[in-house]
Novice: 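My questions will all concern the structure given below.
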Amino acid sequence: MKKQQKVIDKIDWTLVLILFLFLIIRGISISSAQTSAQYKGNFVLQQGVWYVIGFTIIGMALILDPSQYRKLSYYFYGFGILLLVGLLIAPHCINTGCLVPRKNGATSWYVLPGLGQIQPSEFMKTFLILAVSNIIASHNEKVTVKTTKTDLFLLLKIGLITALPLALILLQPDLGTGLVLIAIVAGLVLISGITWKIILPLYTSILTIGGTVLYFVIWAPETLVKYLPVKAYQFDRIYAWLYPENYPEESWHLLLSMSAIGSGEVSGKGFFNKEVYLPERHTDFIFSVIGEEFGFVGASIVICLYFFLIYHLTKTAIFTKNPFNSYVCAGIICMITFHVFQNIGMTIQVLPITGIPLPFISYGGSSLMGNMLALGLIFSIRFYHRDYMFSSEN
C-alpha cells in the first residue's frame, strides 16, 4: 500500500487537471460545432474515444524513463521517417478505400481499419524533438571547450536531422506542419548553447529575407514571378489575409471567423446560440465557436489555460537537472505555443490561415494523440525525477 501511494504521488496531477479541463472545453465546443447541418455523426463521442486512447498513450509512455527515451530517440526518428516515406511511395487514390488517400490535394494520412485516418506528421513532431534534444545534449557533453567551429558543427547536425522530415512533409504537401517543425527547431537552437554571434546573424538574415519576399509579394509580385518558379495566383492567400474585403472568395473563412468572434462581444451569445455559418468550425476554426458563444470572457479563459499549461511545462524544464529533459520540455513548449499562436492568430487575421489545429480542443484523432504522446514525455520526466527535482533538500 505504501509503495502504491508513492507511485500515485509521482504522477503529475496538475497536468492531469489541465488535460481534464481541456477535455471539458473540447466536449462543449465540439458538441456545439457539430450541430451545423453540414455535419453528420457524433464527433463528441469519437473525441471521447480518442481521449481514452490518448491517456492510454500517456500510460504507455510512463513505461520508459527519460534515459531510455534518449537511447531510443534515433529509432523513434527513423520510424517516423519510414512512415513519411510510405506516404509518398504508397499507391494513392481520391477516396478512403485505399491505404493512402489523396485529400484536398495532399497525401498526409494512412487509413487503418478500425482506427480511421492517422497522420504520421503529428507524431513526427515529438520524434524530432527527441532526436534534436539528444543531438544537443550529446554534443554539449562531448565538447568541453566551445568555439565558433564547434557551434557551427552542432548547427549543421541539427539542420541535417531536421531537413529530411521537413522535406518529406512539404512534399505531401503540408506547409502548416512544416512551419511547426521549423518553430520547434528554432526554439531548441536558441537554448542549445550556440553562441549569439551565430544565432543573431542567422535569425536576422532569415527575418530579412522573409520580410523582403513579403514586400515584393505586396508591392512588386511581377518581380517574383519573373525570377522565381511561382505563379501570381499563388500570392492570393497572402492578399486575402492582408486585404480580406478585397478578396471575398479567398478570404471567406477568415471573414466568417472574424464575424463570429466579433459578434460574441464580451459574454457571448450563449451555448448553442451561434448564428454565423462557418465551415470546418469543429476543426481549424473551433476558437471561432468559443468566441461567438462565450465571448471575450470564454476566449480569455481558454487562452489563460494555455498560459497555465506553458507555465507548468516551463517549470519542469527549469527544475529538471538533466539537460536532455530540459531540451525535450523546451521543444514541446515551442510546439504547443506555435500551434496556439498560429491557430488563434489565423481566426482573427493576425496570421495567414493554415491547417494547424488548436491543441487539445480541435477535433482530430492524430493531433490529439500526437500531443498526448508529447505530454507523455513530460509525465515520464516528472514520474521518474520528481523526488530529485522537488525534494525539500534542494
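All values reported here derive from a predicted model rather than from experimental measurement. Below, all heavy atoms of this structure are taken into account, side chains as well, without hydrogens, waters or symmetry copies.
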Novice: What do you reckon, is CZ of Phe153 surrounded by more than 12 foreign heavy atoms closer than 6.0 Å?
Specialist: no

Novice: Is a side-chain donor or acceptor of Ser380 paired with a backbone partner of Gly376 at a separation under 3.5 angstrom?
Specialist: no

Novice: If we only count heavy atoms from C-beta on, is the Phe287 to Ile261 side-chain gap below 4.5 Å?
Specialist: yes

Novice: Go through the side-chain N and O atoms of Asp12 and His312 and say whether any donor and acceptor fall under 3.5 Å apart.
Specialist: yes

Novice: May I ask you to test the Leu19-Met372 pair for a side-chain heavy-atom distance under 4.5 Å?
Specialist: yes

Novice: For Thr320 and Asn322: C-alpha separation, side-chain torsions, deciding distance, then whether side-chain hydrogen bond (donor to acceptor under 3.5 Å, both in side chains) applies.
Specialist: CA-CA 6 Å; Thr320 180; Asn322 187 302; 6.0 Å; no

Novice: Parallel, tilted or perpendicular: which describes the rings of Phe22 and Tyr306, with under 30° parallel and over 60° perpendicular?
Specialist: tilted

Novice: Check side chain to side chain contact (heavy atoms under 4.5 Å, CB included) between Cys329 and all other residues, then give those that pass, not counting sequence neighbours.
Specialist: Thr316, Ala317, Ile378, Ile381

Novice: Heavy-atom count check: over 12 atoms from other residues, nucleotides or ligands less than 6.0 Å from Tyr74 OH?
Specialist: yes

Novice: Take atom CZ in Phe79; do more than 12 heavy atoms of anything else shown fall under 6.0 Å from it?
Specialist: no

Novice: Can you list the residues that meet the side chain to side chain contact (heavy atoms under 4.5 Å, CB included) rule with Thr177, with sequence neighbours excluded?
Specialist: Gln119, Ser121, Lys125, Ile169, Asp174

Novice: Side chains of residues 293-305: which donor-acceptor pairs under 3.5 Å do they make with residues two or more places apart or in other chains?
Specialist:
from	atom 1	to	atom 2	distance (Å)
Glu293	OE1	Ser32	OG	3.0
Glu293	OE1	Phe272	N	3.2
Glu293	OE2	Ser32	OG	2.2
Ser300	OG	Phe296	O	2.7

Novice: Does OH belonging to Tyr239 count more than 12 external heavy atoms closer than 6.0 Å?
Specialist: yes

